[in-house]
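Every heavy atom of this structure was used, including side-chain atoms; hydrogens, water molecules and symmetry mates were not. Start at 1 and go down the list; that is how both ligands and their atoms are numbered. Just so you know, these numbers come straight off a predicted model, no measurement behind them.
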Amino acid sequence: MYRTHTCNDLRLSDVGKTVTLAGWVAASRDLGGLTFIDLRDRYGITQLVFDMDDDPELCSRARRLGREYVVQATGIVRERINKNPSRDTGDIEIQVTDFSVLSPAKTPPFTIVDDTDGGDELRMKYRYLDLRRPCIQRNLLFRSRLSLEVRKYLAEQGFAEIETPFLIKSTPEGARDFVVPSRMNRGQFYALPQSPQTFKQILMVAGFDRYFQIVRCFRDEDLRADRQPEFTQIDCEMAFVHQEDILQTFEGLVRHLFHVMLDIDLGPFPRMSYDEAMRRYGSDKPDLRFGMEFCDLTAHARGKGFSVFDQAESVLAICAPGCASYSRKQIDELTEWVRRPQIGAKGLVYVRYEADESVKSSVDKFYSPADLKGWLQVCRAHPGDLLLILAGETEKTRKQLSELRLEMGSRLGLRPPHQFKPLWVLDFPLLEWDEEAGRFFAVHHPFTSPKAADIPKMDSVDPAVLKSIRADAYDLVINGVEIGGGSIRIHDRELQSRNFQLLGLTREEAEAQFGFLLSAFEFGAPPHGGIAFGFDRLCAVMNGANSIRDFIAFPKNNQGRDVMIDAPDFLKPQQLEELGIATVDKQG
Ligand code: ASP
């Protein structure tokens with residue numbers, strides 16, 4: 001037996017027992033006659049002690065143990081004199097009678113502690129060492145437990161977990177595909193799935209009724225902190241359901257997960273239409289941990305000779321509570337902040353509602369104190385508050401102000417990471433116009449059903465009418481992060497064809513790409529719908545973390561590289577030859 005206990009098992013009640021532990025040397029301290037070693041494994045840390053007086057030979061061997069050596073030690077559990085209350089095993093230590101080195105270790109390039117000195121790249125290169133850090137271990141163990149809970153809950157609700165293939169052909173869902181050349185079919189390529197969307201719909205046609213899968217998806221997109229080229233979804237689909245059934249079922253799942261994992265009751269999730277979310281927060285994924293809702297000053301701000309506001313489609317404000325005391329410098333800094341290319345606002349107008357109820361603004365030249373008081377009233381401002389105002393084209397201004405709102409929320413400490421505010425956003429538009437491509441794209445995906453009442457609008461040729469079509473599509477948002485999204489699907493061949501047409505696909509193209517789905521719809525397709533949750537994101541949000549990387553065992557870096565295994569990499573000319581792909585010049 002390698003070990004009788006883990007490094008987190010032993011307590012005062014074990015004093016006197018002879019035990020054997022195995023683990024990594026986390027730290028060692030040499031105090032003259034005594035040598036202490038912290039032995040770490042996945043479960044915790046136990047202190048080993050070697051006494052020069054008891055066994056000088058053993059003690060001097062122990063002094064030579066380096067960090068991260070793998071050691072097996074046998075000894076007697078005894079009560080510690082200096083207890084360590086921050087450690088589960090902090091009341092005891094092991095008086096070692098014998099030990100052996102199972103594996104030596106080079107000095108690690110960074111310290112293996114939560115608060116490590118290792119930079120990102122270094123930690124990614126030595127990911128196996130990074131993964132030894134207790135905080136990352138906690139994250140991955142959380143993830144493991146979370147996936148078990150998802151499976152348990154959905155299985156109890158009658159869902160069957162069914163795997164779908166990774167080698168498929170392109171499903172257009174807004175991102176680029178990763179492709180895999182086929183050796184046996186020279187010149188042809190598989191695509192890795194961006195999601196199992198069409199397969200899960202086919203499973204509904206096949207009669208499986210309630211499907212789920214915790215599944216890897218692949219999207220060749222530019223990377224950000226919350227994006228990875230491969231990521232995991234909890235992918236779900238149900239037949240014979242309305243939108244309401246789906247919302248109820250998966251609200252149940254998410255509430256259950258928060259309850260069992262975090263002991264938090266989220267309560268019933270509020271709901272908001274897409275239009276309302278855009279109007280009140282300028283975002284389809286508003287963070288509801290704080291207020292600072294948008295106030296529309298357009299009508300109030302026009303006609304006083306301030307051309308910026310006169311010409312603007314929208315003049316929108318947020319009211320930052322208690323910020324009237326912001327200095328000129330602070331406001332200038334905020335102005336610079338909204339002017340950065342990432343935000344792209346032209347300028348920022350402010351109105352200070354001083355504690356003595358006087359009003360000061362950057363547009364005093366154009367507006368009387370009474371005008372400004374009117375604005376303050378619209379915004380329900382209190383003395384001491386600061387209005388921050390952006391103006392311009394509605395869509396852009398909303399986006400910019402939404403960023404500013406989040407920034408102010410963060411600066412004011414109104415976004416505590418361990419407080420959770422869920423929200424269903426409903427009634428997304430079916431289509432969005434892409435200026436560059438000069439055509440409509442599906443907001444969710446091409447299989448999403450328009451609302452029954454809006455189906456007649458699909459025959460219109462007026463872009464404004466088409467834009468106004470609502471879909472039975474919904475997102476689950478928590479703390480401003482899109483955790484999941486889905487829709488009721490089209491299950492009628494003709495309607496699906498019409499939708500493809502609106503998306504600019506000819507009959508032939510639709511047939512070539514999705515013939516299998518269209519023809520499945522001719523053999524008795526049940527009404528169906530579903531949702532997919534971003535599993536990595538859910539892990540991160542539940543832990544109050546921003547980056548999904550810390551919840552993925554082997555993530556890619558910002559360039560999409562795995563720096564540990566050094567992928568992607570060039571292929572040998574023979575391999576390329578075999579695959580029927582022209583040799584790529586390494587220089588080129
Ligand atoms: N396949 C969709 C996605 O990946 C989710 C869904 O509609 O169920 O976003």
Side-chain angles (χ1 to χ4, degrees), residues 150 154 159-166 168-178 191-205 208-221 226-239 241-243 245-251 253-254 274 284-285 424-432 441-451 470-478 481-491 496 499 503 513-514 517 525-538 548:
V150 169
L154 291 177
F159 283 80
E161 184 166 18
I162 301 175
E163 286 156 290
T164 51
F166 278 171
I168 65 167
K169 69 176 185 177
S170 252
T171 49
E173 287 201 40
R176 236 169 273 122
D177 285 317
F178 281 102
L192 301 179
Q194 294 182 29
S195 85
Q197 185 60 36
T198 49
F199 287 95
K200 65 175 172 175
Q201 292 190 239
I202 296 275
L203 286 171
M204 295 304 108
V205 178
F208 282 99
D209 211 62
R210 291 180 161 218
Y211 141 95
F212 86 102
Q213 187 181 188
I214 299 184
V215 62
R216 198 68 55 79
C217 302
F218 305 86
R219 295 183 191 175
D220 190 1
E221 296 172 302
D226 65 341
R227 282 222 187 125
Q228 281 279 308
E230 46 179 312
F231 60 96
T232 302
Q233 285 189 341
I234 310 169
D235 189 46
C236 311
E237 196 78 3
M238 302 170 83
V241 286
H242 298 292
Q243 171 171 304
D245 301 305
I246 296 197
L247 300 186
Q248 298 272 350
T249 304
F250 293 100
E251 185 166 321
L253 169 67
V254 174
Y274 170 88
D284 59 2
K285 44 178 193 300
W424 284 113
V425 179
L426 308 176
D427 306 341
F428 275 79
L430 184 71
L431 306 166
E432 70 190 330
F441 278 85
V443 169
H444 187 51
H445 53 54
F447 316 104
T448 295
S449 176
K451 288 202 170 293
R470 301 287 113 184
D472 278 328
Y474 32 80
D475 274 359
L476 179 63
V477 175
I478 299 180
V481 179
E482 182 197 328
I483 288 298
S487 60
I488 295 296
R489 327 298 184 187
I490 296 170
H491 67 279
Q496 186 64 68
N499 203 32
L503 299 171
Q513 281 191 44
F514 300 111
L517 187 67
H528 60 285
I531 191 166
F533 295 92
F535 186 61
D536 317 282
R537 274 193 202 168
L538 182 61
I548 62 172

Under a 4.0 angstrom heavy-atom cut-off, which atoms of ligand 1 come close to G486? 6 (C), 7 (O)

Please list, chain by chain and in numerical order, all residues satisfying ring pair (Phe, Tyr, Trp, His ring centres under 6.0 Å) with F178, sequence neighbours excluded. none

Hey, which atoms in ligand 1 end up nearer than 4.0 Å to a heavy atom of I531? 8 (O)

Heavy-atom gap Q194 to ligand 1 smaller than 4.0 Å: no

Should R489 and E237 count as an ion pair when the cut-off is N to O under 4.0 Å? yes

Measure from atom 1 (N) of ligand 1 to every heavy atom in R219, E482, Q197 and give the option owning the shortest one. Q197

Just which atoms of ligand 1 are under 4.0 Å from any heavy atom in K200? 6 (C), 8 (O)

Show which atoms of ligand 1 fall inside a sub-4.0 Å distance from at least one heavy-atom site of G485. 5 (C), 6 (C), 8 (O)

With a cut-off of 4.0 Å, which atoms of ligand 1 are near a heavy atom of R489? 6 (C), 7 (O), 8 (O)

Check: F231 ring centre within less than 6.0 Å of F218 ring centre: no

State plainly whether the residues K285 and D475 are in salt-bridge range, i.e. N to O under 4.0 Å. no

Checking contacts here: is it the side chain or the backbone of S195 that comes within 4.0 Å of ligand 1, counting heavy atoms only? Could be both or neither. side chain

Give the numbers and elements of all ligand 1 atoms closer than 4.0 Å to a heavy atom of A532. 5 (C), 8 (O)

Test your reading of the model: is there a side-chain donor-acceptor pair from R219 to the backbone of Q194, 3.5 Å cut-off? yes

Charged N to carboxylate O under 4.0 angstrom, K451 versus D472? yes

If the cut-off is 4.0 Å to any non-hydrogen atom of Q233, which atoms of ligand 1 fall inside it? 3 (C), 4 (O)

State the CD1-CZ distance between I234 and F212, to the nearest 0.5 angstrom. 9.0 Å

Can you tell me which portion of Q201 lies within the under-4.0 Å heavy-atom range of ligand 1? Options are side chain, backbone, both, or neither. neither

Classify the angle between the aromatic ring planes of F428 and Y274 as parallel (below 30°), tilted (30 to 60°) or perpendicular (above 60°). tilted

